[in-house]
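Report on the structure given below.
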Amino acid sequence: MLVKSLALSLARLKWSTIVKSSKVAGKTMFSKYLLVTNVTISTTLSGVGDALQQQYEIVTGDNPNLTWDKKRTLDMSATGTVVGVICHFWYNWLDKRFPGKAFKIIAKKLMVDQMCFSPFLIAVFFGTVGILENMSTEEVLEEIKSKAWRLYAAEWVVWPPAQIINFYLLPTRFRVLYDNTISLGYDVYTSYVKHDKS
């Protein structure tokens with residue numbers, strides 16, 4: 001009984017230490033190292049999104065090689081790095097330019113985000129992957145013309161409701177984390193559109 005009680009006390013002590021350490025780490029990550037945190041999250045989830053899409057392609061037979069293309073995942077992760085940096089500064093700028101949480105302010109943020117930032121970020125995505133895949137400028141522009149509209153249309157379905165929550169409920173420091181959490185599903189679709197040969 002004494003050993004069981006001692007083990008239980010030790011487990012509680014370890015759990016409380018883990019919780020306390022996690023809180024300290026979280027505060028540090030989302031304040032002092034916010035840019036690094038945002039970029040790391042974006043990089044990781046972009047890679048995970050591509051890996052999930054590739055797994056789906058392998059399972060359904062859409063991937064004729066039936067193997068995981070590590071370079072493709074690395075390229076998609078690199079786009080997450082670029083996008084993560086841009087989104088970090090975008091959300092900071094947006095909240096400084098349009099401070100507050102009134103409906104009118106959120107509507108302005110949403111329109112600027114969807115009408116200006118979204119097309120820009122889609123172009124950055126295709127440009128980044130194009131550079132990594134050694135595509136010519138003409139090839140990148142052709143890919144943007146043929147595929148970007150699919151991503152932009154999907155953005156109008158996914159992001160307005162998500163961004164209303166983001167702009168209304170979350171402080172600036174958590175915007176990229178939230179954005180990337182929602183984006184995981186969108187990253188799967190982004191990978192599909194980018195690598196769709198039809």
So if you build clusters from Ile, Leu, Val, Met, Phe, Trp, Tyr with side-chain heavy-atom gaps below 4.5 Å, do [X] and [Y] land together?
X: Ile131; Y: Leu151; result: no
X: Trp149; Y: Trp156; result: no
X: Val193; Y: Val124; result: yes
X: Tyr152; Y: Met111; result: yes
X: Tyr168; Y: Leu170; result: yes

Looking at every heavy atom in both [X] and [Y], which two are closest together, and how far apart are they?
X: Ile122; Y: Ala148; value: CG2-CB, 3.6 Å
X: His195; Y: Lys147; value: N-NZ, 4.3 Å
X: Leu52; Y: Val188; value: CB-CG2, 4.0 Å
X: Ser46; Y: Ser77; value: CB-CA, 4.2 Å
X: Ala154; Y: Tyr189; value: CB-CE2, 3.7 Å

Can you tell me how far [atom2] of [Y] sits from [atom1] of [X], rounded to the nearest 0.5 angstrom?
X: Tyr178; Y: Ile41; atom1: OH; atom2: CD1; value: 14.5 Å
X: Lys109; Y: Arg175; atom1: NZ; atom2: CZ; value: 4.5 Å
X: Leu110; Y: Asn166; atom1: CG; atom2: CG; value: 10.5 Å
X: Ile182; Y: Asp179; atom1: CD1; atom2: CG; value: 8.5 Å
X: Leu121; Y: Thr79; atom1: CG; atom2: OG1; value: 9.5 Å

Main-chain N/O of Trp159 paired to Gln114 side chain as donor or acceptor, under 3.5 Å: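 No.
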Side-chain (Ser42) to main-chain (Asn38) donor-acceptor, under 3.5 angstrom: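 Not a single qualifying donor-acceptor pair exists.
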Option among Thr73, Asp69, Asp75 that satisfies the side-chain hydrogen bond (donor to acceptor under 3.5 Å, both in side chains) test with Lys71: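 Between Lys71 and the candidates, side-chain hydrogen bond (donor to acceptor under 3.5 Å, both in side chains) is satisfied uniquely by Asp75.
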Polar side chain donor-acceptor pair, Asp50 to Gln53, under 3.5 angstrom: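 Result is no, nothing qualifies.
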Under 3.5 Å side-chain donor-acceptor pair for Arg72 and Ser191: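 Result is yes, a qualifying pair exists.
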Chi angles and distances behind the side-chain contact (heavy atoms from CB on, under 4.5 Å) call for Met76, Phe125: CA-CA 9 Å; Met76 294 298 286; Phe125 164 76; 3.6 Å; yes
Residue pairs passing the ring pair (Phe, Tyr, Trp, His ring centres under 6.0 Å) test where at least one lies in residues 71-110, sequence neighbours excluded: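 Checked against ring pair (Phe, Tyr, Trp, His ring centres under 6.0 Å) - neighbours excluded - the pairs reaching residues 71-110 are Trp90-Trp93, Trp90-Phe117.
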Criterion side-chain hydrogen bond (donor to acceptor under 3.5 Å, both in side chains) on Glu57 and Tyr192, from CA distance to verdict: CA-CA 9 Å; Glu57 292 168 6; Tyr192 166 75; over 6 Å; no
Beyond-backbone contact of Leu94 with Phe167, side-chain heavy atoms, under 4.5 angstrom: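 Yes, their side chains come closer than 4.5 Å.
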